[in-house]
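Everything on this sheet refers to the single structure shown next.
From a predicted model like this one, the values you see are computed outputs, not experimental measurements.
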Amino acid sequence: MPFELCNAPATFRRCMLAIFTDMVEDIMECHFMVQEGIVLGHRVSKKGIEVDEAKVDVIEKLPPPTLVKAVRIFLGHAGFYRRFIKDFSKIANPLCKLLEKDQPFVFSDDCRLAFEELKKRLVTAPIIVAPN
């Protein structure tokens, strides 16, 4: 008789216990009758959909990048909203030049101005307004 058939009851019990444990954990993660919460970066409550101020504060307090990787991360985040930022490519051009191959990382005044302008546009309408 194969090993699996001999231990069928014990294996079945273990499977059922694992399934039951997962179900209990899933139920514990559910929140019924929640008054408000954050969904996709927006606060949803009985007042409607509002902008999460914590998200705005994080962007406003963001320090200038000191590494190429940090520039890439910032441009990636800002690029998600590029169609809502007029002249995005013109504004981001000095930062994009920092990403070119074999270029020394020199965060010039042009880069600083571009970084601050993109930050300003990321926290103003229509970028940060709640969806309709």
Pair Glu117 + Arg121, salt bridge at N-O below 4.0 Å: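 Between Arg121 and Glu117 there is a salt bridge, with a charged N closer than 4.0 Å to a carboxylate O.
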Side-chain ion pair, Lys97 and Glu100, N-O less than 4.0 Å: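 The answer is no: the pair does not qualify as a salt bridge.
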Aromatic ring pairing Phe107/Phe115, orientation class (parallel under 30°, perpendicular over 60°, tilted between):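 Plane angle over 60°, so perpendicular.
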Aromatic plane relationship, Tyr81 with Phe84 - under 30° parallel, 30 to 60° tilted, over 60° perpendicular: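 Phe84 and Tyr81: tilted rings.
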Minimum-distance pair of heavy atoms, taken over all atoms of [X] and [Y]:
X     : Y      : answer
Glu60 : Lys119 : O-NZ, 3.2 Å
Thr66 : Phe105 : O-CE2, 3.3 Å
Pro94 : Cys111 : O-SG, 3.6 Å

Rounded to the nearest 0.5 Å, what separates atom [atom1] in [X] from atom [atom2] in [Y]?
X      : Y      : atom1 : atom2 : value
Asp109 : Glu116 : CG    : CD    : 11.5 Å
Lys120 : Ile85  : NZ    : CD1   : 11.5 Å
Leu75  : Leu98  : CG    : CG    : 8.5 Å
Phe88  : Leu118 : CZ    : CG    : 5.5 Å
Ile59  : His77  : CD1   : NE2   : 4.0 Å

Step-by-step side-chain contact (heavy atoms from CB on, under 4.5 Å) determination, Lys69 to Ile73: CA-CA 6 Å; Lys69 185 175 181 178; Ile73 291 169; 4.1 Å; yes
Hydrophobic cluster identity match, Leu113 and Leu95, side-chain contacts under 4.5 Å: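 Not linked; separate clusters.
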Side-chain heavy-atom pair Lys86, Ile91 within 4.5 angstrom cut-off: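 Not in contact.
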Contact check, side chains of Leu122 and Val56, non-hydrogen atoms, under 4.5 Å: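 Of all side-chain heavy-atom pairs linking Val56 with Leu122, none is under 4.5 Å.
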